[in-house]
Asks: 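Mind looking over this structure? Questions follow.
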There are 2 protein chains.
Amino acid sequence: MKRTGFSKADCPVARGLDAIGDWWSLLIVRDALDGLRRFGDFQKNLGIAKGMLSARLQKLVELDVLELVPASDGSAYQEYALTKRGRDLFPVIVGLRQWGEAHLYARGEAHSDLVDQAGQPVGQLVLPSRTGRPLTWSETRVRKAGARKR
Amino acid sequence: MKRTGFSKADCPVARGLDAIGDWWSLLIVRDALDGLRRFGDFQKNLGIAKGMLSARLQKLVELDVLELVPASDGSAYQEYALTKRGRDLFPVIVGLRQWGEAHLYARGEAHSDLVDQAGQPVGQLVLPSRTGRPLTWSETRVRKAGARKR
DNA sequence: GCAACTGGTCCTATTATAAGACCAACCTGG
DNA sequence: CCAGGTTGGTCTTATAATAGGACCAGTTGC
């Protein structure tokens, strides 16, 4: 049967997953954020089947997460560049990275690290209230689409 | 062929997606963060096939994202409760939510909202440097697993 | 000019998902 | 205390997605 879709959902989480929640899209975006731009580079780095990659890249271009631009080396080929919409996925990737780091590695096991320009590891993602105070999960709730403030 | 796995990857993003990057897991966690705990509640709310849900819940329990606890209403049934590891997925869900809100809804289209205890919409996720200064994507880079500082 | 590289398309075997039939244990009203 | 509904699953079947590789046209390097 056809895979269930959420492109019309009231919940932005569901709609987001519908767009980029498949097996490969976020990994492609991760690689794009790391600077990869060419079809062959993605294919080599991910070990993905070329047909899959082709379909995913097309979908990401349709979604305006990536765009095709002339190759930066002057050749006749094209490159896949991140759009603003694609760059805006940065916090999602960082969130996944920090969760993975905290829970999916044995003590002392090596993994790649996100660092700033000085080479210093970055801090944890923070969700601020409107006034700037950091919020935890238990201090928030989801207000349904049509609901009135209370 | 068997779906490609990343459970041994050096990159925490890949390992994270391997764990909870399938079609349903993050939606189940989203619902759990919203307070859902019973099999039937997840099934009704997501419209997921029961077999899928059963398999996903089992996997999430194995991963220690959810745990089975006695039902809070005193019945002989059990409930699925979030563990710390599950609650730590909150920033990932929020990241997805904010990306979806910003890019996947037409102007004026209704969606659910994340608010604080006063009912105020929350702010955007912030990635601070070690010193507390907010960092953007272009101010960071990924240092590969074995690489020496530079 | 030609071999290798790039960026794909297409085909096949296998795996995952959706949908619903089925079932056992529990709970509820009379 | 037991009949019928609720809960929480399992199993089966069809359709869709994925992995892997053969194949191919245009581009590039030599």
Side-chain angles (χ1 to χ4, degrees), chain A residues 1-9 14 17-29 31-32 35-63 66-81, chain B residues 1-9 14 17-29 31-32 35-63 66-81:
Chain A
M1 303 289 178
K2 190 150 134 199
R3 177 178 271 191
T4 310
F6 298 101
S7 55
K8 305 292 178 49
L17 285 171
D18 192 68
I20 46 109
D22 63 82
W23 199 244
W24 288 109
S25 294
L26 275 178
L27 286 171
I28 293 171
V29 172
D31 278 1
L36 267 57
R37 299 168 68 93
R38 297 286 284 253
F39 186 96
D41 292 336
F42 289 112
Q43 209 253 316
K44 241 173 293 174
N45 195 54
L46 293 170
I48 183 177
K50 293 165 86 173
M52 269 297 94
L53 178 58
S54 180
R56 286 291 168 270
L57 288 172
Q58 252 179 269
K59 190 183 166 198
L60 289 171
V61 168
E62 269 172 40
L63 280 170
L66 298 176
E67 61 183 342
L68 274 168
V69 300
S72 49
D73 61 3
S75 76
Y77 295 114
Q78 290 190 296
E79 295 181 345
Y80 293 91
Chain B
M1 304 294 176
K2 188 147 136 205
R3 178 177 271 193
T4 310
F6 298 102
S7 55
K8 306 291 176 50
L17 284 171
D18 192 67
I20 45 105
D22 63 82
W23 198 245
W24 288 110
S25 295
L26 274 178
L27 285 171
I28 294 171
V29 171
D31 278 0
L36 268 57
R37 299 168 68 92
R38 297 286 284 254
F39 186 97
D41 292 336
F42 289 113
Q43 209 255 314
K44 239 171 295 173
N45 196 54
L46 292 171
I48 183 178
K50 294 164 85 173
M52 267 298 93
L53 179 57
S54 181
R56 286 290 168 271
L57 287 172
Q58 251 179 270
K59 190 183 166 199
L60 289 171
V61 168
E62 269 173 38
L63 280 170
L66 298 176
E67 61 184 341
L68 274 167
V69 300
S72 49
D73 62 2
S75 75
Y77 295 115
Q78 290 189 296
E79 295 180 345
Y80 294 89

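For the numbers below, each heavy atom of this structure counts, side chains included, while hydrogens, waters and symmetry mates do not. Residue numbers begin at 1 in each chain, while the letters A, B, ... track the order of the sequences. Values in this document were obtained by computation on a predicted structure and should not be read as measured data.
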Asks: Just how far, in rounded Å, is C1' of dC5(C) from CZ of Arg38(A)?
Replies: 10 Å

Asks: In degrees, rounded to 10°, what is the bend between the two ends of the helix from dG1(C)-dC30(D) to dG30(C)-dC1(D), using five pairs at each?
Replies: 30°

Asks: Dump the intermediate steps for side chain to side chain contact (heavy atoms under 4.5 Å, CB included) on Phe42(B) and Ile48(B), then the final yes or no.
Replies: CA-CA 8 Å; Phe42(B) 289 113; Ile48(B) 183 178; 5.8 Å; no

Asks: In whole angstrom, what separates Leu27(A)'s CG from dA19(D)'s C1'?
Replies: 16 Å

Asks: Looking at every non-hydrogen atom in both residues, tell me the closest pair between Thr4(A) and Trp23(B) and how far apart they are.
Replies: O-NE1, 3.2 Å

Asks: Please walk me through it: do Ile28(B) and Leu36(B) pass side chain to side chain contact (heavy atoms under 4.5 Å, CB included)?
Replies: CA-CA 9 Å; Ile28(B) 294 171; Leu36(B) 268 57; over 6 Å; no

Asks: Would you say Arg3(A) places a side-chain N or O within less than 4.0 Å of OP1 or OP2 belonging to dA16(C)?
Replies: no

Asks: Does a salt bridge link Asp22(B) with Arg56(B), judged by any charged N lying under 4.0 Å from a carboxylate O?
Replies: yes

Asks: Using a cut-off of less than 4.0 Å, is there contact between a side-chain N or O of Arg56(B) and OP1 or OP2 of dT17(C)?
Replies: yes

Asks: Under the side chain to side chain contact (heavy atoms under 4.5 Å, CB included) criterion, do Ile20(A) and Leu60(A) qualify, and how do the steps go?
Replies: CA-CA 8 Å; Ile20(A) 46 109; Leu60(A) 289 171; 4.1 Å; yes

Asks: Using a 4.0 Å heavy-atom cut-off, does Gln78(B) contact any base of the nucleic acid, only the sugar-phosphate backbone, or nothing at all?
Replies: sugar-phosphate

Asks: To the nearest Å, give me how far apart CG (Leu46(A)) and C1' (dG20(D)) are.
Replies: 16 Å

Asks: Does Phe6(B) have any ring-ring contact (aromatic ring centres under 6.0 Å, His included) partners at least two apart in sequence or in another chain, and if so, which?
Replies: Trp24(A)

Asks: May I have the distance from Leu53(B) (atom CG) to dC11(D) (atom P), rounded to whole angstrom?
Replies: 16 Å

Asks: Between atom CE in Met52(A) and atom P in dC11(C), what is the gap in whole Å?
Replies: 15 Å

Asks: Can you see if the side chain of Trp24(B) gets near the phosphate of dA18(C) - specifically, an N or O under 4.0 Å from OP1 or OP2?
Replies: yes

Asks: Under the side chain to side chain contact (heavy atoms under 4.5 Å, CB included) criterion, do Leu66(B) and Val29(B) qualify, and how do the steps go?
Replies: CA-CA 8 Å; Leu66(B) 298 176; Val29(B) 171; 5.7 Å; no

Asks: Between dT7(D) atom P and Leu36(B) atom CG, what is the distance in whole Å?
Replies: 13 Å

Asks: Please classify the nucleic acid contact of Tyr80(A) as base, sugar-phosphate, or nothing, using heavy-atom distances under 4.0 Å.
Replies: sugar-phosphate

Asks: In whole angstrom, what separates Gln58(B)'s CD from dC11(D)'s P?
Replies: 11 Å

Asks: Report yes or no: does Glu67(A) contribute a side-chain atom to a donor-acceptor pair with the main-chain N or O of Val61(A) at less than 3.5 Å?
Replies: no

Asks: Counting only N and O atoms by type, is there a donor-acceptor contact under 3.5 Å from the side chain of Lys50(B) to the main-chain atoms of Gly40(B)?
Replies: no

Asks: Rounded to whole angstrom units, what separation is found between the CG atom of Asp41(B) and the P atom of dT7(D)?
Replies: 8 Å

Asks: Compare side-chain N and O positions of Ser54(B) against OP1 and OP2 of dG9(D) and report whether any pair is under 4.0 Å apart.
Replies: no

Asks: Would you tabulate the pairs of protein nitrogen or oxygen atoms and nucleotide nitrogen or oxygen atoms of nucleotides 23-30 of chain D closer than 3.5 angstrom?
Replies:
unit_1	atom_1	unit_2	atom_2	d
dG26(D)	N2	Tyr77(A)	OH	3.0
dT27(D)	O4'	Tyr77(A)	OH	3.3
dT28(D)	OP1	Ala76(A)	N	2.5

Asks: By nearest nucleotide on DNA chain D, pick out whichever of Gly51(A) and Leu57(B) is the more 5' one.
Replies: Leu57(B)

Asks: Using a 3.5 Å distance criterion without hydrogens, assess whether the side chain of Glu79(B) forms a donor-acceptor pair with backbone atoms of Ser72(B).
Replies: yes

